[in-house]
Structures are given as structure tokens and as C-alpha cells.
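For reference, the structure discussed in these notes is given below.
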Amino acid sequence: DSGVTQTPKHLITATGQRVTLRCSPRSGDLSVYWYQQSLDQGLQFLIQYYNGEERAKGNILERFSAQQFPDLHSELNLSSLELGDSALYFCASSVDPGRGNEQFFGPGTRLTVL
Amino acid sequence: AQTVTQSQPEMSVQEAETVTLSCTYDTSENNYYLFWYKQPPSRQMILVIRQEAYKQQNATENRFSVNFQKAAKSFSLKISDSQLGDTAMYFCAFMKLLSGGSNYKLTFGKGTLLTVNP
């Protein structure tokens with residue numbers, strides 16, 4: 001158990017819908033990262049937050065957005081869902097992004113878009 | 001952009017034997033970090049080992065060790081005394097400092113599926 005929690009574990013929805021994925025980092029970790037794992041794209045970095053502020057963006061679509069709240073939990077919002085958004089979405093956390101610390105991954109949320 | 005290449009999509013090894021997984025990367029950076037992550041059938045991403053580019057000494061973690069060749073941009077993982085529980089997808093990952101601040105992101109290879117046979 002990495003100490004990072006993600007809910008829900010599984011999510012099945014239809015095209016065009018909107019969903020919210022939730023992540024709670026390890027106790028004491030200020031930085032949260034979101035990754036998408038799909039068969040065709042592999043594991044891709046989406047976005048990073050540090051202590052409530054967006055720090056870096058990767059291959060995140062405009063239909064996706066995220067935020068980190070004062071209690072440090074983070075939410076990833078996916079809207080206007082398409083079949084291709086079906087993937088495993090991971091959240092990871094680390095103590096200090098400035099020191100190349102290890103990122104600890106949550107168990108992931110499997111999103112299926114029908 | 002950084003790229004990470006794992007040239008072996010699948011490998012297999014007999015229990016108790018040694019296996020080496022290959023990884024090469026492309027970067028113009030001098031300071032960076034390299035990782036191997038393991039993803040068993042449960043899908044959980046588990047850190048196996050980490051290497052700082054400024055350290056010449058190869059990292060070791062119990063049965064896991066790396067061969068880090070900075071000039072060749074190579075970072076292979078050796079698993080000794082393979083166990084059935086080592087069966088998993090193994091991802092090599094590169095971490096660099098992003099421009100504009102102290103921010104890091106992981107760039108992953110496509111993975112190598114390792115099967116340990118009894």
C-alpha cells in the first residue's frame with residue numbers, strides 16, 4: 001500500500017458524459033501528479049499540482065481539467081468523454097518535486113467509456 | 001523531448017535465474033533521475049529502484065540492481081534469483097527538471113512484460 005488513495009476504483013460511463021476522479025496523496029506529500037495509461041499511448045503524464053498550484057502540464061486534453069484543494073486532495077475532471085478516453089488513470093504523490101523524489105502511485109481508476 | 005526506449009516487449013526467465021531488462025533514453029540534460037517501476041497484474045505501480053545521474057555507483061536494492069551507463073544513455077535492470085512474484089510489466093522511467101522551476105515529471109518507456117516460469 002503506497003498510502004495514495006484513489007476513488008472510484010472503476011467507472012463506466014457513456015460518451016459525452018463528465019466524470020470526476022479523486023485522489024488523496026500520502027500524508028505529508030504536497031505534490032500530486034496525474035497520469036493516463038492506455039494501450040496505444042502507454043503511460044503519459046497529464047498534469048502536476050504542488051500545494052494547490054498547477055506546476056506543470058503534459059499531454060492533457062482541453063476537455064480535461066484538474067485542481068488541488070487546500071487539504072491537498074486532487075480531482076481530475078474529464079468532460080465530453082470519448083471512447084478513446086477509456087484508460088487507467090493514476091494519481092501519484094511526492095514530498096518535494098524539486099528534489100527528484102520518488103513518486104508513489106495510487107491504485108488507479110479504470111475508466112470505461114461506452 | 002526526452003524519450004525512453006525499452007526494446008524488449010516481452011521476456012521470460014526460469015525461477016531462480018537471472019534476467020536483465022534493457023532501457024535506453026535520449027536526453028541533453030546532465031542532471032536527471034532514472035527509475036524502474038513494476039506493475040504486477042494488480043495494476044499497482046511499484047517503485048523498484050532509483051538512480052541519480054550524478055552518481056557513478058550503480059544502485060542496488062536486494063535482488064535488483066542496475067547497470068547505469070551515462071555516456072551510452074543506458075539503464076538496464078538486473079533481477080537475480082528470480083521469483084514467481086517478479087512476474088509483472090516493468091517500466092523504465094526518466095525524470096528531469098522541467099523548465100521554469102523545480103518541477104519534475106516522469107517519462108515512461110513502453111514496458112517489458114516479464115514472466116517468471118516455475
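Proteins get letters first, then strands, A, B, ... in listed order; numbering begins at 1 in each.
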* To do: Evaluate the ring planes of B:Phe94 and B:Tyr25, with Trp represented by its six-membered ring, and classify them as parallel (under 30°), tilted (30 to 60°) or perpendicular (over 60°).
  => tilted
When the 4.5 angstrom heavy-atom criterion is applied to A:Leu43 and chain B, the contacting part is both
**Report entry** Short side-chain to backbone donor-acceptor contact, A:Thr109 and A:Tyr89, under 3.5 Å
**Finding:** no
If one checks every heavy atom of A:Gln44 against chain B at 4.5 Å, the contacting part turns out to be neither
Max heavy-atom pairs within cutoff under 4.5 Å with chain B, candidates A:Ala92, A:Ser2, A:Gly106, A:Gly42, goes to A:Gly106
What one should report as the nearest heavy-atom pair of A:Leu81 and A:Ala14 is CB-O, 4.2 Å
#### Entry: side chain to side chain contact (heavy atoms under 4.5 Å, CB included) between A:Leu114 and A:Thr13, worked out
CA-CA 6 Å; A:Leu114 300 175; A:Thr13 188; over 6 Å; no
Greatest number of non-hydrogen atom pairs under 4.5 angstrom with chain B, of A:Gln41, A:Arg110, A:Gln103, falls to A:Gln103
Is the NZ or CZ atom of A:Arg26 positioned over A:Phe104's six-membered ring, under 6.0 angstrom from the centre and within 45° of the axis? yes
Ordered numerically, the heavy-atom neighbours of chain A under 4.5 Å found in residues 110-118 of chain B are B:Lys110
Under 4.5 Å to a heavy atom of chain A? For B:Leu106 that would be both
(Q) Let's go through B:Tyr37 and B:Tyr90 carefully: what are the C-alpha distance in whole Å and the side-chain angles of both, what is the deciding distance for ring-ring contact (aromatic ring centres under 6.0 Å, His included) to 0.1 Å, and is it a yes or a no? (A) CA-CA 6 Å; B:Tyr37 278 88; B:Tyr90 286 82; over 10 Å; no
Q | B:Phe75-B:Phe35 aromatic ring centre distance below 6.0 Å | A | no
Begin from the C-alpha positions of B:Leu21 and B:Trp36 and carry the test side chain to side chain contact (heavy atoms under 4.5 Å, CB included) through to its verdict.
CA-CA 10 Å; B:Leu21 280 56; B:Trp36 280 97; 3.9 Å; yes
